[in-house]
Amino acid sequence: MGSSQDFKSIQENIQGALVATTRLTNQIAAEDINFQRTSNPDVEEQLDDTSTRLLTLATSLLKSSTKNTDIKAPKLEDGDDIDVQWSRVVDVVDTLLEKADTCLDEYTGVIKRKNAPTDQSGPAAKKFRSTILETSMRRANIAKPQDSFEVKPNNLDPPPWKPILTAKPHALVPLEDSLGTFNDENQTIQYKHPYETEILKLEYPDAVFEVREPIKYQPVETTAATFVDTFEGVLEMLEELKKATEIAVDTEHHDFRTYSGLLSLMQISTREKDWIVDTLQPWRHKLEVLNEVFADPKIVKVLHGSHMDIIWLQRDCGIYIVGLFDTYEAAVALQYPSRGLAYLLKRFVDFDADKKYQMADWRIRPIPEEMFYYARSDTHYLLYIYDMIRNELLKQSSEEPEQNLIRQVLDRSKETSLRRHETSLYDAESGQGPFGWYSMLIKHSAGRFSKEQFAVFRAVHKWRDEIARREDESIFYVMSNPTLFDIARRMPPDPKALHSLLGPTSPPVTKREAFNLYKIISKAKAEGATGPSVTEVFRSYAPSTIGVGEVAKSVFPRLKSNDGQVLDTRDLVSQSSRLWGEVPISSRWEESSNVEATREVKFELPWAKFVKSGKLLEEVAPKPQSATQEEVVPLEQKPNGTGPPADEQFTLKAGLKRIVPEVESESESESESESEEVEDTPPKPEHSSGASPGAEEIAVPDMDESEEEAKKRKRADKKARRRALKQTGKEIRRAKKLARRAKIAAANAAQAAEKEEGEEEEPFDYSKAKSVLKASGATNGAPQGKKFNPYGMTVEGPKPARKMHGEKPGKSHTFKK
């Protein structure tokens with residue numbers, strides 16, 4: 001990537017694709033998949049194959065993500081394993097996302113990466129025996145320093161956040177006039193940057209645009225850094241800083257035991273001296289006096305990856321930077337293979353930094369020696385790196401704007417120094433914002449929440465944010481995300497169950513509020529039955545991609561504004577259904593007509609095609625009546641004085657195939673053809689000696705062919721044999737069918753000739769005809785064909801349906817005489 005803008009655009013594209021995919025997945029999960037499975041066997045088969053493939057892929061990804069870690073990856077064999085192993089899956093994903101966030105922060109320079117490449121030889125940095133950061137240094141159990149601040153942070157103040165500085169040194173616009181408000185892109189009122197005018201009109205000193213001999217840094221072993229923990233020490237340091245033309249600045253931050261974060265340490269270096277300033281003192285708000293140097297346009301402030309340092313300084317100390325030079329932007333402009341501070345230290349100083357203190361608790365006082373050395377190294381060499389990288393920028397720059405690298409770096413540094421600290425309210429209804437629940441649902445894909453679970457999730461999320469703001473703790477200290485999702489899924493029925501879900505590692509503030517939390521969960525569970533579902537919320541905030549109404553709302557105004565031909569609404573509606581075919585979907589789109597006409601609508605259900613493809617129905621002409629039938633009794637007459645038989649209970653037999661009565665000499669051959677017709681698989685054709693061997697022989701690959709080519713050839717030959725076998729079976733069945741029809745036609749013709757020679761045909765006597773509903777299974781002694789089984793395989797039909805209830809023969813007595 002050539003620049004940070006390229007990285008930002010790729011990051012936005014990837015994030016947009018992931019969000020769109022997650023939304024689509026949640027929409028699919030909300031649809032009636034079971035209906036699609038039962039109505040279309042092909043869809044069922046495709047869904048099963050896709051589910052198996054996705055589960056296998058997910059298991060492989062989880063296993064790969066847990067390599068070289070203490071986490072054991074869960075194995076997902078079916079859909080139920082996802083619910084059973086959900087907490088373990090969330091742990092793996094959270095760990096992976098934390099690693100990704102750390103890598104991105106290191107890449108962009110937000111976090112100073114301390115591990116440097118070691119491909120060059122040189123003097124090693126100061127080494128310490130310990131290689132693993134102790135838990136006491138990572139999560140120190142100390143008193144919260146913000147409790148002793150003279151100006152305590154207020155996390156309950158409504159936005160907008162107002163800058164805390166009380167004076168404005170080096171001002172072009174007075175402080176009162178520069179603290180105006182404006183509406184941002186979200187139409188939210190925000191305060192302007194106090195030094196916006198000064199930064200935009202800034203002209204960097206001439207020395208920035210001159211190639212000069214780099215000034216070597218002082219040896220660390222022969223110099224010492226000054227720890228500043230009094231306001232008098234700050235004023236002494238300020239006097240020395242005013243004499244400098246360039247200073248290097250860096251900060252250390254803590255965000256686990258505070259809601260908004262704490263600026264814990266500030267490192268400042270000149271060419272001759274280093275200072276470590278304690279920013280956790282009760283008088284920390286007085287550090288705004290440093291604006292006399294930090295806002296001085298004649299002094300260049302060199303930082304690396306100052307994206308967040310700018311925010312922390314103005315939020316906690318009221319310090320603003322005018323005249324920033326960000327070495328991260330310089331590394332981007334020069335297209336270095338890495339942009340981290342560790343790479344620059346190794347490239348220009350040959351210094352290997354220790355990264356284990358990157359996540360240390362910087363509230364610890366007094367600061368351990370190794371952490372003090374780590375903090376000092378961030379700025380001690382930075383001015384020398386600035387000299388080297390500035391000269392390289394000037395040598396590769398030209399007068400053309402596209403090739404003026406030094407000007408590009410300075411402009412981007414100005415943009416970074418214009419960043420402002422902002423606060424936002426917690427939106428419990430929509431879940432929007434940096435601390436809202438909406439982004440968590442998108443990230444963790446919790447589309448399978450029921451309405452009650454969704455209501456509990458939102459209620460617990462809101463409770464966590466309220467407790468964190470009130471106690472000035474981070475939301476993750478109060479309750480982790482896995483615990484939050486676990487409570488929402490299980491919905492504990494009593495306080496004891498809630499305590500078991502919180503676990504022994506929960507902080508005291510959470511256990512103290514557990515009983516109140518249970519009341520909130522019970523109330524949310526009762527109200528959630530009539531509340532919105534996850535799908536409804538996603539659809540309400542996600543851009544609509546389907547629906548005629550939404551399409552019309554977005555398309556019609558543009559068409560009208562272009563004075564073009566506006567399409568009719570019916571042009572946007574499909575005239576056919578993917579499931580039912582050419583069946584009218586709704587009478588809404590039919591043209592109105594005054595003529596009332598009755599039309600018979602006929603369409604085929606999926607089972608109709610199934611039966612037809614199996615060739616199980618066949619219309620056969622009835623056997624003509626003989627000339628010696630009994631005299632017909634008219635229907636209106638009642639022989640023997642009896643009326644029509646009363647309605648009786650009857651049994652509907654399974655769909656029996658009608659057997660046509662044949663001539664006695666042909667009954668045996670016809671029964672054979674009938675039984676052959678309903679066979680599930682066609683008979684294998686017999687090949688003569690002169691037949692082509694291509695349908696039966698397997699081609700042997702040459703010795704030079706690879707194993708993969710041999711497999712492909714075998715599969716092709718197998719498919720060819722199947723097609724030939726299927727075609728031969730069809731031809732045999734077709735020939736038998738034609739022969740049978742010819743015999744029936746001949747028999748009918750013979751019977752017709754006999755009738756013409758005999759007496760005239762008498763009308764059919766319906767009163768003496770046998771009941772069709774009580775017909776026996778066999779006719780004229782002919783063998784009965786196979787019964788139609790909708791759960792069995794047919795000749796050419798689709799995949800049979802599944803037996804849902806497993807009903808056994810003889811167990812049903814619905815109809816009984």
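Because the structure is a prediction, the values reported are computed rather than measured. One is the number of the first residue; the rest follow in order along the sequence.
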Taking the side chain from [X] and the backbone from [Y], do they hold a donor-acceptor pair closer than 3.5 Å?
{"X": "Lys152", "Y": "Phe149", "answer": "yes"}
{"X": "Gln408", "Y": "Glu402", "answer": "yes"}
{"X": "Ser178", "Y": "Pro174", "answer": "yes"}
{"X": "Lys301", "Y": "Val322", "answer": "yes"}
{"X": "Ser397", "Y": "Leu405", "answer": "yes"}
{"X": "Tyr204", "Y": "Leu324", "answer": "yes"}
{"X": "Arg412", "Y": "Ala333", "answer": "no"}
{"X": "His254", "Y": "Arg363", "answer": "no"}
{"X": "Asn291", "Y": "Glu288", "answer": "yes"}
{"X": "Thr270", "Y": "Lys273", "answer": "yes"}

Given side chains that start at C-beta, do those of [X] and [Y] come closer than 4.5 Å, heavy atoms only?
{"X": "Tyr195", "Y": "Gln314", "result": "no"}
{"X": "Tyr386", "Y": "Ile215", "result": "no"}
{"X": "Asp352", "Y": "Lys346", "result": "yes"}
{"X": "Val220", "Y": "Arg376", "result": "yes"}
{"X": "Glu246", "Y": "Arg271", "result": "yes"}
{"X": "Asp255", "Y": "Ser474", "result": "no"}
{"X": "Leu61", "Y": "Ser64", "result": "no"}
{"X": "Leu200", "Y": "Leu418", "result": "yes"}

What distance separates [X] [atom1] from [Y] [atom2], expressed to the nearest 0.5 Å?
{"X": "Tyr357", "Y": "Glu252", "atom1": "OH", "atom2": "CD", "answer": "13.0 Å"}
{"X": "Leu265", "Y": "Leu280", "atom1": "CG", "atom2": "CG", "answer": "8.0 Å"}
{"X": "His253", "Y": "Thr279", "atom1": "NE2", "atom2": "OG1", "answer": "9.0 Å"}
{"X": "Glu239", "Y": "Glu236", "atom1": "CD", "atom2": "CD", "answer": "9.5 Å"}
{"X": "His307", "Y": "Glu329", "atom1": "NE2", "atom2": "CD", "answer": "10.0 Å"}
{"X": "Leu290", "Y": "Leu235", "atom1": "CG", "atom2": "CG", "answer": "9.0 Å"}

Of all heavy-atom pairs between [X] and [Y], which one has the smallest distance, and what is that distance?
{"X": "Val302", "Y": "Leu383", "result": "CG2-CD2, 4.0 Å"}
{"X": "His170", "Y": "Ala295", "result": "CB-O, 3.6 Å"}
{"X": "Ile364", "Y": "Ala140", "result": "CG1-CB, 3.7 Å"}
{"X": "Leu313", "Y": "Met266", "result": "CD2-SD, 3.7 Å"}
{"X": "Trp161", "Y": "Tyr191", "result": "O-CD1, 3.4 Å"}
{"X": "Ile164", "Y": "Cys317", "result": "CD1-C, 4.0 Å"}

Do other residues, nucleotides or ligands put more than 12 heavy atoms under 6.0 Å from the [atom1] atom of [X]?
{"X": "Lys162", "atom1": "NZ", "result": "no"}
{"X": "Ile189", "atom1": "CD1", "result": "no"}
{"X": "Glu150", "atom1": "CD", "result": "yes"}
{"X": "Asp206", "atom1": "CG", "result": "no"}
{"X": "Glu399", "atom1": "CD", "result": "no"}

*Check step by step if salt bridge (Lys or Arg N to Asp or Glu O under 4.0 Å) holds for Arg339 and Asp326.*
CA-CA 11 Å; Arg339 280 89 173 187; Asp326 196 330; over 6 Å; no

_Angle between ring planes, Tyr336 versus Tyr343, binned at 30° and 60°: parallel, tilted or perpendicular?_
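Geometry flag for Tyr343 against Tyr336: tilted rings.
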
*Report the relative orientation of the aromatic rings in Tyr373 and Phe351; use parallel for angles under 30°, tilted for 30 to 60°, perpendicular for over 60°.*
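The rings of Tyr373 and Phe351 sit tilted, inter-plane angle from 30° to 60°.
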
*Option passing side-chain contact (heavy atoms from CB on, under 4.5 Å) with Thr416 (candidates Ile321, Ile199, Leu303, Ile310)*: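 Single side-chain contact (heavy atoms from CB on, under 4.5 Å) partner of Thr416 among Ile321, Ile199, Leu303, Ile310: Ile310.
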
*Flag the pair Tyr320 / His193 as yes when their ring centroid distance falls below 6.0 Å, and as no otherwise.*
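Yes - the distance between ring centres of Tyr320 and His193 falls below the 6.0 Å cut-off.
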
*Would you confirm whether the ring centroid of Tyr217 sits within less than 6.0 angstrom of the ring centroid of Tyr381?*
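Ring centroids of Tyr381 and Tyr217 are less than 6.0 Å from each other.
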
Give a yes or no on whether a salt bridge exists between [X] and [Y], defined as a side-chain N under 4.0 angstrom from a carboxylate O.
{"X": "Lys243", "Y": "Glu240", "value": "no"}
{"X": "Lys144", "Y": "Glu473", "value": "yes"}
{"X": "Arg139", "Y": "Asp361", "value": "no"}

_Show, in sequence, the C-alpha distance, side-chain angles and deciding distance for Tyr426 and Trp437, and conclude whether the side-chain contact (heavy atoms from CB on, under 4.5 Å) test is met._
CA-CA 10 Å; Tyr426 181 83; Trp437 48 260; 3.6 Å; yes

*Intermediate values then yes/no, side-chain contact (heavy atoms from CB on, under 4.5 Å), Thr423 and Asp157*: CA-CA 9 Å; Thr423 58; Asp157 282 344; over 6 Å; no

*Verdict with reasoning, Leu262 to Gln146, per side-chain contact (heavy atoms from CB on, under 4.5 Å)*: CA-CA 8 Å; Leu262 283 176; Gln146 58 264 44; 3.4 Å; yes

*Evaluate the criterion side-chain contact (heavy atoms from CB on, under 4.5 Å) for residue pair Asp387 and Ile385; output intermediate values, then yes/no.*
CA-CA 5 Å; Asp387 291 341; Ile385 294 175; over 6 Å; no

*Reference residue His380; test side-chain hydrogen bond (donor to acceptor under 3.5 Å, both in side chains); the match among Asp274, Thr223, Asp250*: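 Looking at Asp274, Thr223, Asp250, the match for His380 under the side-chain hydrogen bond (donor to acceptor under 3.5 Å, both in side chains) is Asp274.
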
*What residues form a salt bridge (Lys or Arg N to Asp or Glu O under 4.0 Å) with Lys168, not counting sequence neighbours?*
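Lys168 satisfies salt bridge (Lys or Arg N to Asp or Glu O under 4.0 Å) with Glu198 once adjacent residues are dropped.
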
